[in-house]
Structure formats: C-alpha cells, structure tokens
Amino acid sequence: MSQATKRKHVVKEVLGEHMVPSDQQQIVRVLRTPGNNLHEVETAQGQRFLVSMPSKYRKNIWIKRGDFLIVDPIEEGEKVKAEISFVLCKDHVRSLQKEGLWPEAFSEVAEKHSSSRNRQTQPELPAEPQSSGEESSSEDDSDLFVNTNRRQYHESEEESEEEEEAA
C-alpha cells in the first residue's frame, strides 16, 4: 500500500467513524508533546502519564495540546501507560456529550476549546470604526490570532501598575 493510500484510509477512519470508548478505554486530554511520538495526557480524574502514538497515525494525524484522545491501557508500561486508539475531533466530542459518555471534568474544557476555535475561524468585525483623531488602543489585542499551541498568560492591571511604580 502506498503512503498516499495509507494516509487516505487513516484520515477517513479518524474523521468519519464515530467511536465510543469501551470499558477498558478512557478519554484523556493532551497536555504536552515531549517528542518521539509520545504525548503527556491527563485523565478526567487528574492522573498524568505518557501515551504512545501507533505507527499508523505517525506523519498522518497531528495532535496538539488540548486535543482529546481515546487510549487503550498498556499493562507492562512504567512511564508509557497507554496507546492512542482514536483521536477525537469536535464533532466526536459533541456526540459523546449528547450520549452522556463525556467526563464531567472535561465538559468546560471542551466548551472553551470549541469556542476558541470558533473565534479563530470567524473573526468578529469591530462594532464601531475608530476615527483617526482618537488614540488607537494598542493594548487591546482581542482581535489578534490566538495560537492554541502556546499557553495563555494573562497579566492583570494591578501587576502592570506595580511594575510602573517600581520603575
């Protein structure tokens, strides 16, 4: 089987098929990717461990921080305790929520994740155009693209005022 044919079948399987986790499988959220086809994940109970990506997904499916996966446990693993069996897209997450199979701990995370993706794909137009005489607000970065692969750091106004007074 050629690489293109393999990729076509893997992508079709991930995007088209509806997957329900079995009793042994669990839904996890990706925290980071240390490399070597390993991903650090967190369960709904807060347990963290590494999972491996099977060879059929390598170089075909890309996983980033915040994505949700269905994993199969590995008994003999010390550090790597599971293997990825399915990558969940936002449509899969919605259907699992409707069926009541989605963990409560991930409910608000999934809603934030989908709403931030909606903001990226549909940028909002400003309500009022700014006149050229007014001072432009360089501190308001709400209309900029949000990179979901980087952690979001929010600086409060109190911290910035304290830094200005100290300087």
Side-chain angles (χ1 to χ4, degrees), residues 1-75 77 79-127 140-154:
M1 179 183 305
S2 72
Q3 182 68 21
T5 307
K6 177 183 172 186
R7 182 178 297 123
K8 179 179 77 170
H9 288 293
V10 170
V11 170
K12 183 179 177 183
E13 174 189 331
V14 169
L15 294 179
E17 186 178 319
H18 174 67
M19 179 75 166
V20 177
S22 67
D23 295 334
Q24 295 176 343
Q25 295 176 329
Q26 54 182 308
I27 298 173
V28 295
R29 181 172 55 106
V30 177
L31 298 176
R32 66 185 188 99
T33 305
N36 219 16
N37 293 308
L38 296 175
H39 301 278
E40 184 178 350
V41 297
E42 181 179 36
T43 63
Q45 294 79 24
Q47 181 184 7
R48 292 180 170 200
F49 54 89
L50 291 175
V51 297
S52 66
M53 179 181 281
S55 59
K56 75 175 187 177
Y57 289 141
R58 295 177 188 173
K59 297 184 181 178
N60 292 325
I61 301 295
W62 304 105
I63 299 172
K64 63 180 187 259
R65 183 185 305 137
D67 285 350
F68 294 98
L69 311 169
I70 295 179
V71 296
D72 288 318
I74 300 174
E75 290 83 22
K79 290 184 179 180
V80 180
K81 296 186 178 181
E83 184 176 52
I84 298 170
S85 65
F86 198 76
V87 180
L88 297 171
C89 66
K90 61 183 176 183
D91 295 331
H92 296 125
V93 171
R94 282 192 209 118
S95 65
L96 287 171
Q97 286 174 337
K98 287 179 184 176
E99 293 175 15
L101 299 172
W102 191 252
E104 284 294 319
F106 291 148
S107 292
E108 64 184 41
V109 174
E111 289 172 10
K112 271 192 224 175
H113 193 62
S114 64
S115 68
S116 69
R117 286 192 178 192
N118 288 344
R119 267 190 270 128
Q120 289 175 7
T121 57
Q122 300 173 355
E124 295 180 11
L125 298 174
D140 184 24
D141 296 334
S142 62
D143 61 335
L144 293 178
F145 171 76
V146 178
N147 187 350
T148 58
N149 292 329
R150 301 283 183 212
R151 292 195 176 131
Q152 301 296 319
Y153 296 104
H154 299 285

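- Taking Gln47 as the reference, nothing meets the side chain to side chain donor-acceptor pair (under 3.5 Å) condition, with sequence neighbours excluded.
- Partners of Glu75 according to the side chain to side chain donor-acceptor pair (under 3.5 Å) rule, which considers only residues two or more places apart in sequence or in another chain, do not exist here.
- Note that CZ of Arg7 is 15.0 Å distant from NZ of Lys56, once rounded to the nearest 0.5 Å.
- Residues Ile63 and Asp67 share a closest heavy-atom pair of CA-OD2, 3.8 Å.
- At least one side-chain heavy atom of Pro21 sits under 4.5 Å from a side-chain heavy atom of Leu96.
- Once rounded to the nearest 0.5 Å, the distance linking CG of Asn37 with NZ of Lys59 reads 9.0 Å.
- Rounded to the nearest 0.5 Å, atoms NE2 (His39) and CG (Leu69) are 7.5 Å apart.
- Under the 4.5 Å side-chain criterion, counting only non-hydrogen atoms from C-beta, Thr33 is not in contact with Arg65.
- Side-chain contact between Asn60 and Gln3 is present, with at least one heavy-atom pair separated by less than 4.5 Å.
- The 12-atom threshold is exceeded at CD of Glu99, counting heavy atoms of other residues, nucleotides or ligands nearer than 6.0 Å.
- Distance check, rounded to the nearest 0.5 Å: NZ of Lys79 to CG of Leu50 gives 8.0 Å.
- Between the CD1 atom of Ile74 and the CZ atom of Phe49 there is a distance of 9.5 Å, given to the nearest 0.5 Å.
- Phe106 and Glu42 make their closest contact through CZ-O, 3.3 Å (heavy atoms, listed as atom of the first residue, atom of the second, distance).
- Thr5 and Ser2 get closest at one heavy-atom pair: OG1-OG, 2.9 Å.
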Table please: side-chain donor-acceptor pairs of residues 80-89 below 3.5 Å, with sequence neighbours left out.
residue : atom : partner : partner atom : Å
Ser85   : OG   : Gln25   : NE2          : 3.4
Ser85   : OG   : Ile70   : O            : 3.0

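- The distance from the CG atom of Leu101 to the OG atom of Ser95 is 8.5 Å, given to the nearest 0.5 Å.
- The closest donor-acceptor contact from the side chain of Arg48 to the backbone of Glu40 lies at 3.5 Å or more, if one exists at all.
- In this structure the side chain of Val71 never reaches within 4.5 angstrom of the side chain of Val41, judged on heavy atoms.
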